[in-house]
Amino acid sequence: MNLSWYCARFGRHGTLGRLVHLGQCSAPSPFREFRKSSYIYDKDVESGKIEPSYYSLFPQTLKSGAPPNGPFAVDVRKLRREFLKLQSKTHPDLARTEEDKSQYESASSQLNKAYSTLASPLSRALYLLESVGMGIEEDAGREMPQDPELLMEVYELLEEIENCQSEEQAADLSSSIESRIRRTEKEVEESFDAQDLAMAKKSTVTLKYWVNIREALKEWEPGKPFRMVH
Amino acid sequence: MNPLMRQIRPVASSAMRANPAAIIAARGARGYHQKVLDHYNKPRNVGSMDKDDINVGTGLVGAPACGDVMKLQIRVDDNGIISDVKFKTFGCGSAIASSSYLTELVRGMSLDEAGKVKNTTIAKELSLPPVKFTLTQRHIVHCSMLAEDAIKSAIKDYKAKRTSNLSKEASSISL
């Protein structure tokens with residue numbers, strides 16, 4: 001996919017990352033440029049180091065960058081404010097020509113993607129693991145040793161949801177899942193901050209299960225056969 | 001829609017533009033093959049057995065990437081033949097269909113035969129969509145792989161139980 005753009009107004013060529021700034025494209029861009037080869041990571045060609053570039057889109061909120069340079073925790077309200085400010089600059093309605101419009105659209109959707117990835121601890125953790133080649137998708141549940149106790153706990157919780165009869169029971173289950181999520185998010189944060197990536201991966205997998213169960217519980221209705229949807 | 005879905009969807013659609021095979025796979029994912037639907041709507045051998053029974057092996061496996069969990073139990077008779085199979089899967093249609101089909105497939109097999117069942121056999125029988133899109137498009141997840149892992153894990157559990165039981169008996173005899 002060609003990510004370069006041409007600004008008819010100023011007669012300039014550029015790349016997607018700078019397009020975020022197209023509204024005032026004569027000014028120096030505060031944004032790192034995206035490279036054609038890698039959409040979501042900045043790759044330093046010389047060192048071969050991959051850096052999660054979603055972080056560089058939000059220089060105000062995430063000034064110290066991705067872990068291990070910056071903390072895992074993100075001030076989501078601040079991130080949202082910065083995101084909305086940037087989003088107003090990349091709105092496709094600002095485009096002057098049809099050609100510009102598609103560029104605005106892709107910059108805008110890229111910003112959306114970056115924001116939603118970084119805003120939730122689970123997607124942020126998955127993204128960070130992916131950027132160091134420890135993505136969860138890569139195992140597909142095989143190479144990674146499964147934790148039998150976790151699986152048993154997951155299975156029993158799902159059975160409880162399946163057998164759940166009343167709204168009260170569902171509310172109880174929901175609060176017990178929420179407390180698991182909070183506890184596990186804390187573990188994820190601590191392991192990233194301690195640079196213990198193996199532990200980060202393990203707790204991210206656990207978090208992924210809990211969040212999945214939260215989604216499954218949302219689908220629950222009295223008397224309706226329970227099925228996972230994703 | 002949750003934030004993660006919002007994030008994954010556009011990735012999947014750009015993959016489809018890039019790869020014609022992906023388009024076919026995605027259609028398959030939406031419009032499941034008839035055999036999948038049949039097993040999904042009328043799953044065979046759903047249930048559970050006493051996991052402490054010495055003749056029962058239990059396999060519990062999960063796919064961290066999608067959160068599916070599958071429990072498969074086998075009852076083995078005196079001749080080492082699988083006489084009964086039960087399963088319970090919390091997961092997508094393909095995962096439920098794969099485990100349902102697997103229960104029918106391995107019943108009557110010896111442990112060795114059942115241990116050789118490959119996910120490709122299951123996928124072929126059910127005409128499962130070959131790929132499922134993941135975050136980076138590079139990786140392929142087969143629900144049928146989960147079923148293969150489940151039967152392997154059930155056999156392992158059964159064998160481990162027998163061995164520990166035999167050694168218990170042996171130690172009680174020597175006493």
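What you see is a predicted model, and the numbers here were worked out from it, not measured in a lab.
Side-chain contact between A:M152 and B:K71: absent, with no pair of heavy atoms (C-beta onward) separated by less than 4.5 Å.
The heavy-atom pair separating A:E159 from B:F90 by the smallest distance is N-CZ, 3.7 Å. Counting all heavy atoms, side chain and backbone alike, B:V69 lies closest to A:L158 at CG2-CD1, 4.0 Å. Here the shortest heavy-atom pairing between B:P64 and A:I136 reads CB-CG2, 3.8 Å.
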Output, in order, the C-alpha distance, side-chain angles, deciding distance and verdict of side chain to side chain contact (heavy atoms under 4.5 Å, CB included) for B:M70 and A:Y155.
CA-CA 8 Å; B:M70 187 181 286; A:Y155 182 84; over 6 Å; no
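Atom NZ of B:K116 has 12 or fewer heavy atoms from other residues, nucleotides or ligands within 6.0 Å. Around the CG atom of B:D78, the shell of radius 6.0 Å holds no more than 12 heavy atoms that belong to other residues, nucleotides or ligands.
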